[in-house]
Amino acid sequence: ERIIDKGDIVNARLYTLLTTYEQMAAKRGDVDKVENYYTIGGQLLYILLMFGALYAFLYFFRRDYYLSRNVLLMLMLVITVFTLFAFGMSKAFTSGLYVAPFALIPIVLVVFLDSRTAFFSHMVTVLLSTLVSSFPLEFIFVQFLAGVTAIVSIKELSRRSQLIQSALLVFVAYAVSYTAIELLHNSSTSALQPRMFGYFAVNAVFISFAYVAIFVIEKLFGFTSRVTLVELSDINNPVLRELSEECPGTFQHSMAVSNLASAAAHRIGANVQLVRAGALYHDIGKIDNPAFFTENQHGVNPHDTLNPMQSAGIIIRHVADGLKKAEKAKLPSVIRDFISQHHGRGKAKYFFTMYCRQNPDGKADAEAFTYPGPNPQTREASLLMMADTVEAASRSMPDHSQDAIRALVNRLIDTQVAEGLHNDSPLSFRDIRDIKECFISRLRSMYHARVSYPAEIKKPAQPDNENQPDNADATVKQ
């Protein structure tokens with residue numbers, strides 16, 4: 001109803017009406033504010049529950065990620081950035097939520113973490129984004145299929161072309177799931193909107209640029225992706241090229257160790273690409289003094305002029321020299337760990353034994369013959385230590401029969417375990433058993449017997465008939 005017009009004189013009655021209206025408006029505003037507070041409170045509780053579920057998952061199932069500050073910070077950053085981007089897209093235009101490349105999350109995370117964590121983080125981001133979705137259930141269904149497709153298609157990212165393939169598969173997953181929902185609700189294809197397919201295409205283009213996101217995260221948090229490990233495994237890398245030129249014997253040893261360790265890593269489910277790269281770089285410290293290592297010697301042994309303690313110092317120093325070279329070449333920390341841990345706190349046993357023989361009455365300082373360590377901290381580092389020792393020892397075997405190889409592998413690995421060199425590694429007894437069997441099989445293949453080829457039988461030289469006189473001509477001449 002009309003209360004007062006412009007220019008009217010306010011009398012006692014109008015004043016009472018205006019006062020009453022003011023009170024009613026204030027009361028209605030208070031109710032709206034209370035309802036708004038409840039809505040905000042519910043949204044905050046929803047967000048807290050989502051992040052709480054993520055933290056609970058990491059705490060119970062991936063404790064190593066939970067204890068890593070960098071991993072938690074990366075997860076929070078990725079989830080927050082993508083959620084805010086999705087909110088912005090939804091406010092910008094209708095159905096803009098489908099432009100946000102949610103499938104980029106599992107692709108990026110599976111490169112650095114594992115598929116379970118990547119999928120769980122993806123679903124947390126999707127559920128948070130349903131706060132601004134007009135059709136939450138349909139949105140969750142579409143993003144669920146897209147995330148699963150992304151994880152399955154990417155598996156182990158080693159080539160940039162895989163991102164293009166993954167983006168195309170995600171686009172197909174989006175298109176098929178959207179079509180299924182529309183057919184389910186409308187029983188007709190007439191409800192399909194072409195602009196939605198355009199949104200999915202834009203989404204796929206964003207996903208194809210995941211390599212940029214991976215590079216940025218790698219530099220921000222100090223992670224090492226599989227793509228970087230593949231690049232480091234290229235033997236044309238300057239450090240590896242220098243190793244092959246200065247220490248050809250060590251380079252061949254590193255290649256053999258890499259093949260041996262990566263085969264065992266595949267057998268026990270360890271990170272194959274990490275082991276392969278670490279094995280190639282573990283002995284780069286030998287570049288400074290190649291002649292002091294057996295595999296690079298050609299008849300002359302410089303250790304003949306040194307006492308065992310001096311020789312041990314030179315041999316042990318290749319670990320520190322390798323770390324300096326790795327730092328200069330800006331190799332990732334995971335590669336430097338292989339350099340420092342591939343001997344652990346083991347001893348240079350040959351020179352330690354020689355010293356003890358030369359000084360039977362004196363006390364040997366074991367620490368002078370001990371590598372600085374630390375002992376292997378990961379399954380991959382333990383694998384490298386085993387492969388390094390076994391491959392080097394197998395070269396000096398006079399007999400490469402199956403029984404001799406089995407005895408060598410069992411003796412060397414059991415000795416390392418007995419000395420406690422693998423106590424800090426999460427290797428299981430089953431892993432060690434599988435590693436032994438893999439090493440034995442591989443070494444048998446490397447030292448297999450070859451068929452002795454028979455010497456070629458040479459035919460006697462035929463006489464040159466062209467230069468010999470015919471019998472008839474010879475008779476006539478006689």
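The structure displayed is predicted, hence computed values, not measured ones. Numbers for residues simply follow the sequence, beginning at 1.
Taking the side chain as every heavy atom from C-beta outward, F82 and L128 never approach each other to under 4.5 Å. Between M50 and L54 the shortest side-chain heavy-atom distance does not fall below 4.5 Å. Looking only at side-chain heavy atoms (C-beta outward), E138 and S133 stay at 4.5 Å or farther from each other. Counting heavy atoms from C-beta outward, D434 and C438 have side chains that stay 4.5 Å or more apart. For the pair D388 and H343, the minimum side-chain heavy-atom distance is below 4.5 Å. Here the side chains of I339 and K325 are not in contact, with every heavy-atom distance at 4.5 Å or above. Using a 4.5 Å heavy-atom cutoff, the side chains of I432 and M386 are in contact. Side-chain contact check for V227 versus F215: every heavy-atom pair is 4.5 Å or farther apart.
The local environment of CD in E327 is sparse, with at most 12 non-hydrogen atoms from other residues, nucleotides or ligands closer than 6.0 Å.
Judged by distance alone, the side chain of R63 and the main-chain N or O of Y59 form a donor-acceptor pair under 3.5 Å. Checked by atom type and distance alone, the side chain of Y281 pairs as donor or acceptor with a backbone atom of L232 at under 3.5 Å. At distances below 3.5 Å, not a single donor-acceptor pair connects side-chain atoms of Q341 with backbone N or O atoms of A381. N375 places no side-chain N or O within 3.5 Å of a backbone atom of G344 that could act as its donor or acceptor partner. Judged purely by atom type and a 3.5 angstrom limit, D114 uses its side chain to pair as donor or acceptor with the backbone of T117. With S441 contributing its side chain and E437 its backbone, the two residues share no donor-acceptor pair below 3.5 Å. Under a 3.5 Å cut-off, the side chain of N203 and the backbone N or O of Y98 do form a donor-acceptor pair. At distances below 3.5 Å, at least one donor-acceptor pair connects side-chain atoms of H282 with backbone N or O atoms of A279. A donor-acceptor pair under 3.5 Å links the side-chain atoms of T125 to the main chain of S121, judged by distance alone. No side-chain donor-acceptor contact under 3.5 Å links H422 to the backbone of R379.
One finds the CZ atom of F293 at 11.5 Å from the CG atom of N301 (value rounded to the nearest 0.5 Å). Rounding to the nearest 0.5 Å gives a distance of 13.5 Å between CE of M255 and OG1 of T250. Here CG of L412 is found 10.5 Å from CZ of F439. Values are rounded to the nearest 0.5 Å. Atoms CG and CD, from L97 and Q143 in turn, are 7.0 Å apart once rounded to the nearest 0.5 Å. The CG atom of L443 sits 8.5 Å away from the CD1 atom of I440 when rounded to the nearest 0.5 Å. The CG atom of L72 sits 10.5 Å away from atom CZ of F221, with the distance rounded to the nearest 0.5 Å.
Aromatic rings from H318 and H342 are positioned such that their centres are separated by under 6.0 Å. Checked against the 6.0 Å centroid criterion, the rings of F102 and F139 qualify as a close aromatic pair. The six-membered or imidazole ring of Y355 lies near that of F369, with a centre-to-centre distance under 6.0 Å.
In this structure, F351 and H303 have tilted ring planes: the angle between them lies in the 30° to 60° band. Taking the six-membered ring where the residue is Trp, Y178 and F200 present perpendicular rings, their angle passing 60° and hence far from 30°.
Here the shortest heavy-atom pairing between V170 and A103 reads CG1-CB, 3.8 Å. Pairing each heavy atom of L280 with each of S233, the nearest pair is CD1-O, 3.7 Å. The two residues A210 and I107 come nearest to each other via the heavy atoms CB-CG2, 4.0 Å. Heavy atoms only, all atoms of each residue included: S394 and H400 are closest at O-NE2, 3.0 Å. Contact detail for H122 and G147: the closest heavy-atom pair is NE2-CA, 3.5 Å. Residue A150 comes nearest to P106 through the heavy atom pair CB-CG, 4.1 Å, listed as atom of the first residue, atom of the second, then distance.
Using a cutoff of 4.0 Å between basic side-chain nitrogens and carboxylate oxygens, E246 and R241 are not scored as salt-bridged. A salt bridge links R345 to E367: one of the charged nitrogens lies within less than 4.0 Å of a carboxylate oxygen. A salt bridge is defined here as a Lys NZ or Arg NE, NH1 or NH2 lying under 4.0 Å from an Asp or Glu carboxylate O, and D288 with K324 fails to meet this definition.
Among Q252, R395, H253, K286, the one residue that satisfies the side chain to side chain donor-acceptor pair (under 3.5 Å) test with E295 is K286. Under the side chain to side chain contact (heavy atoms under 4.5 Å, CB included) rule, S382 has a single partner from L427, D424, L421, which is L427.
Note on residues 42-52: pairs passing side chain to side chain donor-acceptor pair (under 3.5 Å), not counting sequence neighbours, are Y46-T130.
Evaluation of the ring pair (Phe, Tyr, Trp, His ring centres under 6.0 Å) rule for F87 yields no partner, not counting sequence neighbours. For the side-chain hydrogen bond (donor to acceptor under 3.5 Å, both in side chains) test, residues two or more places apart in sequence or in another chain that qualify with S401 are D399.
Within the cation-pi definition used here (under 6.0 Å to the ring centroid, within 45° of the axis), R62 qualifies as a partner of Y65.
A donor-acceptor pair shorter than 3.5 Å can be found between the side chains of T228 and E218. Donor-acceptor pairing under 3.5 Å is lacking for the side chains of T378 and D337. Side chains of Q377 and S425: no donor on one and acceptor on the other come within 3.5 Å.
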- Test L306 against I314 for side chain to side chain contact (heavy atoms under 4.5 Å, CB included), laying out the working first. CA-CA 10 Å; L306 303 175; I314 294 174; 3.7 Å; yes
